[in-house]
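Just below is one structure, and these are the notes that go with it.
As a basis for the values below, the full set of heavy atoms in this structure was taken, side chains included, without hydrogen atoms, waters or symmetry mates. Here is the naming used below: chain letters follow the sequence lines, and residue numbers restart at 1 for every chain.
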There are 4 protein chains.
Amino acid sequence: MTDNLPSRGSRGADRTASIMRATLDLAQEVGYAKLSVEGIAARAGVGKHTIYRRWPSKGAVFLDALLSSLDHDLNFPYTGDIVADLREQMTNAVALLASPPFGRLYAALVGEAQHDPAVAATLYERFVKPQIDKAIARLKTAQDEGQLSLDLDLRMALAILYGAYYHNLLLLPDAVSVKDVDAVIDTLFKIGFGPPQGA
Amino acid sequence: MTDNLPSRGSRGADRTASIMRATLDLAQEVGYAKLSVEGIAARAGVGKHTIYRRWPSKGAVFLDALLSSLDHDLNFPYTGDIVADLREQMTNAVALLASPPFGRLYAALVGEAQHDPAVAATLYERFVKPQIDKAIARLKTAQDEGQLSLDLDLRMALAILYGAYYHNLLLLPDAVSVKDVDAVIDTLFKIGFGPPQGA
Amino acid sequence: MTDNLPSRGSRGADRTASIMRATLDLAQEVGYAKLSVEGIAARAGVGKHTIYRRWPSKGAVFLDALLSSLDHDLNFPYTGDIVADLREQMTNAVALLASPPFGRLYAALVGEAQHDPAVAATLYERFVKPQIDKAIARLKTAQDEGQLSLDLDLRMALAILYGAYYHNLLLLPDAVSVKDVDAVIDTLFKIGFGPPQGA
Amino acid sequence: MTDNLPSRGSRGADRTASIMRATLDLAQEVGYAKLSVEGIAARAGVGKHTIYRRWPSKGAVFLDALLSSLDHDLNFPYTGDIVADLREQMTNAVALLASPPFGRLYAALVGEAQHDPAVAATLYERFVKPQIDKAIARLKTAQDEGQLSLDLDLRMALAILYGAYYHNLLLLPDAVSVKDVDAVIDTLFKIGFGPPQGA
DNA sequence: AGTTAAACGAGACGGTACGTCAGGTCTTCAT
DNA sequence: ATGAAGACCTGACGTACCGTCTCGTTTAACT
């Protein structure tokens, strides 16, 4: 969606940038629910059609605005220690996605994806799947190196690792903290769900 | 919300029931996004005001309709085996919340909660928190019985257990299956995230 | 169109009145071409839908507003002298339809009727035909009384009598004057189109 | 307006012709009300700017298209008999302006003139005034020859002669017929509005 | 023949208004 | 005196054209 710029010139890019900015600004000011294409257009000093020419819905604009704004580095490091690397990446991810102002906005985006299949598809293709692929690749390497059980279903492992974050972000009233990452990783890698060791 | 029935008589209950039914029917037919109070009123043969008198928003009606429709038993059994009991309850829960037609509707409800704080609060109070409390109680019992590590943060453990389901329901395009419950429980209780046992 | 008031109460009449007033005011201020339903609604302090509920187009609102505002007496007197009676009625009519502010507005209405068949039909039914019928009746009486030739096609005679006014109003840049009525009547009844009498 | 061709070459004339044709075609297909500069440009295979370079508004394009298409001979013959000559010219004029497809289009043009002063001015200068001037000249000759009363106000006489046609074209639902010309001329020149001759 | 400047098609652009839909409030009437 | 019906104001929707403005591309006149 970002790349359907008109091939004609650089005007398109300028408009796009101001629309993205206006979208984020407004979303933070009034919340996603009260965001409107009309409002974005007015704030960006742009005709409504200029928005509809590029995006099919308010959700799509918002998705682009949010994703392009958090184009930070969420890649996995490789130190040879899968636990340390996971902790590092997840801490970065949660710091980005759970801290103001992006936490509520990202939650709103995931929420909108439940109502709009197009947003869901784009969110998956543009953000979720790439992140999953990178994570799976790192886990696979660790598994090959003997750091993870060969019986581990990596996709399920990933859902478990990240699931706690989504569970808390989307269902609990309290904000998610980066410290929760440590709790998750310690629980999964050190403590375990089984009965006490000494038993 | 269900209980602010008019004290006058039993007519209120009838209206409420027909509104709930109309809401669910419409939600399944056109999807949550295209649901409207206007449509619900028309379908239920009821004035709009009769709905607004009871609920503050379409999300609230939908929440009531959905929760009251899945008023099934999601309690935890007690057989003395925490793994078996968790498996039993989670299987029931996922069977209910992930299978058609409730899967997408429940996802839509969680999605709406991201946009509407009132819905979020009600969903939490009426459904999420009670379920969490019951789960925590069961886990606590297991911990006291020595079936779970004393180091386990039960709230985090719960987020991990259920998180995988929410992660997959809300982010992945594929439907969630009850078989995933077994995978989660096996992964957490049997396989573990650590290096292979024999290592 | 005026009478499709809701049978429910008197609110409708109030809204209708304020819409009519706003329409006329705006039409005089900015001209018919720049009149808009949106503008009328804003000026009348009314939702657009309240207008669309009653009228199908801006032309229809304008027609109602204009016709109901000039609900003056355009009936024919009966003094026994057809020439005097025609002069009287036509003078009244032209004084109303040709003088500010109604002259240009009435011309605009006739103009709109050329673009919108619904406006044309309503204008004809509500205004043109009733006026024609009254005029024909008066002319018929005069014919029966021997004041008009029996060979006279009354419908054509009427078109000729009034035609000059419409010709000048719609085609000439200059304003139409009530004095033109005398000229028309004198030309038709006194001077005639034939060669000079003495010839 | 037709003659502000580019001094550069003959391309301009080609474009103008295709624009005129597209305008008339579209006007007949969808009616004047739904005509748009955008539609004309698309139909003519021409950029919008090419139209705006030549004409200030859709009304102006339409006026040019219509007038240049009916560039027939509406001049007055001179046989020495004013009644015959008037009958001849008016029959030609009405045959042109009242018969399909030009009748409704010409009415639409007169209608548009009521909304757009520029169209009104151009219509007057380019069509109405020249026709009036020719008619006045012919009437003046007849008056000088003793075929018309010296008391006759020729401008008013003209308005009366043509007025019936405009009255019927613009106000009545029925189509105007060339036979009406005979009725008008017979009424004015033979029958007269006065009382029966024998009286 | 090569250069240059206009006219050109295409269509993006900021706007205005369209006609529709739903939100949430308020009034009327029937039961 | 409760509730169905629905009028009402508001605000946003997504669309259609407006008239202006670049874009590159012909195209014809003038070097």
Distance, rounded to the nearest Å, where [X] contributes [atom1] and [N] contributes [atom2]:
| X | N | atom1 | atom2 | answer |
| --- | --- | --- | --- | --- |
| D/Ile51 | F/dC18 | CD1 | C1' | 13 Å |
| D/Asp14 | E/dC8 | CG | P | 10 Å |
| D/Lys34 | E/dA17 | NZ | C1' | 17 Å |
| C/Asp116 | E/dG19 | CG | P | 10 Å |
| A/Ile40 | E/dG15 | CD1 | P | 16 Å |
| B/Tyr52 | F/dA4 | OH | P | 15 Å |
| A/Arg43 | E/dG14 | CZ | P | 16 Å |
| A/Ile19 | E/dA12 | CD1 | C1' | 12 Å |

**Report entry** Donor-acceptor pair present, B/Lys48 side chain and F/dG6 base, under 3.5 Å
**Finding:** no
Requested in this report: Measure up the B/Phe62 and B/Tyr32 rings against each other and bin them: parallel (under 30°), tilted (30 to 60°), perpendicular (over 60°).
Outcome: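 It falls in the tilted class, 30° to 60°.
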Report task. Please figure out whether B/Glu38 or D/Lys58 has its closest DNA chain F nucleotide nearer the 5' end. Result -> B/Glu38
Report summary line: Between D/Ser57 and C/Val46, whichever has its closest DNA chain F nucleotide further toward 5' is C/Val46
Query raised in the report: Quick one: which of B/Arg104, B/Glu112, B/His115, B/Gln114 gives a side-chain hydrogen bond (donor to acceptor under 3.5 Å, both in side chains) with A/Gln114?
Result: B/Arg104
Query raised in the report: Say you draw a straight line from CH2 of A/Trp55 to CZ of A/Arg53; how long is it, rounded to the nearest 0.5 Å?
Result: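 It comes to 11.0 Å.
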Requested in this report: Look up atom CD1 in C/Ile51 and atom OG1 in C/Thr16, then write down how far apart they are to the nearest 0.5 Å.
Outcome: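 Spacing of CD1 (C/Ile51) from OG1 (C/Thr16) equals 10.0 Å.
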Does the side chain of [X] get closer than 4.0 angstrom to OP1 or OP2 of [N] through an N or O atom?
| X | N | value |
| --- | --- | --- |
| A/Thr50 | E/dG14 | yes |
| B/Arg53 | F/dG3 | yes |
| D/Arg15 | E/dA6 | no |

Report summary line: Closest to the side chain of B/His49, out of F/dG6, E/dG9, F/dC9, is F/dG6
Query raised in the report: What is the minimum heavy-atom distance between D/Leu123 and D/Ala113, and which atoms define it?
Result: CD2-CB, 4.1 Å
Query - Residue closer to the 5' end of DNA chain E, D/Ala44 versus A/Gly47 (nearest nucleotide) - result: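 Closest to the 5' end, via its nearest nucleotide, is D/Ala44.
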**Report entry** Closest-nucleotide ordering on DNA chain E, the 5'-leading residue of C/Leu35 and D/Gly45
**Finding:** D/Gly45
Query raised in the report: At under 4.0 Å between heavy atoms, what does C/Gly39 touch on the DNA or RNA strands: base, sugar-phosphate, or nothing?
Result: nothing
